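The first residue in the sequence is number 1, and the count goes up from there. Note that the coordinates shown come from a computational prediction; the quantities given were computed from them, not determined experimentally.
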Amino acid sequence: MKLKTLKKDEQKVDSHHEDVNVKKLLKMRGKKKNRIYGKRIDSKTEKGRYIKSKLPKDTSGDIAIDATLRAAALSSNGKIRVKGEDLRHKIRKHGAKASIVMVVDISGSMFSDRKANRLKGIINNVIEDANRHQDRISVVGFKGEEAEIIIPTTRRATSFREQVDNIQVGGTTPLAAGMKKGLEILKKEKLRAEFIPLLLILSDGMPNVGMEGGPMKDALDIAEKIKEKDIHTVVINFEKSVRYGHEVNMELALTSGGRYYDLEELKNPGGVISKILDYEREKI
């Protein structure tokens, strides 16, 4: 399915207005998906509301005392004795939350000091937003020849402030390596089937280091794999860049089946990130 590129008159954004309309920052929409976020899903842990019981697959687990005793009573004559076949486990449900992987360009492809400050502001805003919504989050930075995990997957990202403060910007731009690392994390999250994978890519669209076939080809190859895994993807440009950068970011969004936001005209892009995430939660 082809993605819709918005008309020019829909793309104008008043960068000085405090109440920014997120829809006007959205330049490309991905395919429509059935909304899951917030709906009740089966819990894989002992957290969540106890809904009903089930026969256990093994002896470990969250035992449903009430259902177990009922089963034991049915098979007992007088005095209740719980046997192995009487055991029942709890089925719990909780509201579906997101597992956000934020892949960020920490290379030196843009003015380093200015970029570092804007980048840290954006990351801190995402951390605060994820904490407020009880989402999981991890942060992957890419520069030089590879990608590094700045914040491992957690629901307590506020405890990693020091790692964000210590981010050093500089070097070349291995976009594909960052996307690959983000995909690896979300593939594991998808297997857990408890959190909704959300890939957030922040880049100026100027990759200059590849892994095998070249910077751009490698990035698009990873984007195709992201689409195959049906991972909700959002590409964001938060700095002024040459036209080529815009085209690359839009092509990444198109290839991954994702969405593209352009924040380059905003003085404070970090301030609108929470609005974008809230808007995206309505789409996943």
_Membership question, hydrophobic clusters at under 4.5 Å side-chain separation (ILVMFWY): are L266 and L200 in the same one?_
yes
*Is V209 reachable from V248 through a run of hydrophobic residues whose side-chain heavy atoms are each under 4.5 Å from the next?*
no
*asked:* Given H89, which partner from the list I63, D62, L55 fulfils the side-chain contact (heavy atoms from CB on, under 4.5 Å) test?
replied: I63
Exceeds 12 heavy-atom contacts within 6.0 angstrom, atom [atom1] of [X]:
{"X": "E145", "atom1": "CD", "result": "no"}
{"X": "K181", "atom1": "NZ", "result": "no"}
{"X": "Q168", "atom1": "CD", "result": "no"}
{"X": "K83", "atom1": "NZ", "result": "yes"}
{"X": "E85", "atom1": "CD", "result": "yes"}
{"X": "R81", "atom1": "CZ", "result": "no"}

Does any part of the side chain of [Y], heavy atoms only, come nearer than 4.5 Å to the side chain of [X], both counted from C-beta?
{"X": "Q163", "Y": "V139", "answer": "no"}
{"X": "L202", "Y": "D105", "answer": "no"}
{"X": "T153", "Y": "K188", "answer": "no"}
{"X": "Y260", "Y": "H246", "answer": "yes"}
{"X": "D129", "Y": "I273", "answer": "no"}
{"X": "K143", "Y": "E148", "answer": "yes"}
{"X": "R259", "Y": "L26", "answer": "yes"}
{"X": "D135", "Y": "L277", "answer": "no"}

Give me the atom names and distance for the closest heavy-atom approach of [X] to [Y].
{"X": "F195", "Y": "S99", "value": "CB-CB, 3.7 Å"}
{"X": "K227", "Y": "G257", "value": "CD-N, 4.1 Å"}
{"X": "R281", "Y": "I100", "value": "NH2-CD1, 4.2 Å"}
{"X": "G182", "Y": "V101", "value": "CA-CG1, 3.7 Å"}
{"X": "A223", "Y": "M179", "value": "N-CE, 3.9 Å"}
{"X": "P152", "Y": "S138", "value": "C-CB, 3.8 Å"}

Supply the atom-to-atom distance [X] [atom1] to [Y] [atom2], rounded to the nearest 0.5 angstrom.
{"X": "S256", "Y": "E228", "atom1": "OG", "atom2": "CD", "result": "12.0 Å"}
{"X": "I222", "Y": "L220", "atom1": "CD1", "atom2": "CG", "result": "10.0 Å"}
{"X": "L183", "Y": "K190", "atom1": "CG", "atom2": "NZ", "result": "10.5 Å"}
{"X": "I137", "Y": "T158", "atom1": "CD1", "atom2": "OG1", "result": "10.5 Å"}
{"X": "I226", "Y": "L199", "atom1": "CD1", "atom2": "CG", "result": "5.0 Å"}
{"X": "S75", "Y": "R70", "atom1": "OG", "atom2": "CZ", "result": "13.5 Å"}

*side-chain contact (heavy atoms from CB on, under 4.5 Å) between Y37 and K97: does it pass, once the steps are laid out?*
CA-CA 6 Å; Y37 191 90; K97 298 296 183 180; 3.7 Å; yes
_Listed once per pair and sorted, the side-chain hydrogen bond (donor to acceptor under 3.5 Å, both in side chains) pairs that draw on residues 213-226, sequence neighbours left out_ = K217-D221
*Between K180 and E146, is the closest basic N to carboxylate O distance under 4.0 Å?*
no
_Please evaluate residues I236 and L25 with respect to the criterion side-chain contact (heavy atoms from CB on, under 4.5 Å), reporting the C-alpha separation (whole Å), side-chain torsions for both, the decisive distance (0.1 Å), and the verdict._
CA-CA 10 Å; I236 297 178; L25 299 172; over 6 Å; no
Side chain [X], main chain [Y], donor-acceptor under 3.5 Å:
{"X": "T173", "Y": "L175", "answer": "no"}
{"X": "R88", "Y": "D86", "answer": "yes"}
{"X": "T233", "Y": "I231", "answer": "yes"}
{"X": "T172", "Y": "G144", "answer": "yes"}
{"X": "N237", "Y": "D262", "answer": "no"}
{"X": "N131", "Y": "I127", "answer": "no"}
{"X": "N249", "Y": "S203", "answer": "yes"}

*Audit row: I150, F160, side-chain contact (heavy atoms from CB on, under 4.5 Å) steps and yes/no*: CA-CA 9 Å; I150 299 171; F160 289 85; over 6 Å; no
*asked:* Could you go through M102 and I123, starting from their C-alpha distance and side-chain angles, then the distance that decides it, and tell me whether this counts as side-chain contact (heavy atoms from CB on, under 4.5 Å)?
replied: CA-CA 8 Å; M102 187 178 184; I123 294 175; 3.9 Å; yes
*asked:* I'd like to check the salt bridge (charged side-chain N to carboxylate O under 4.0 Å, His left out) partners of E189; sequence neighbours left out, ordered by chain and number.
replied: R136, R192
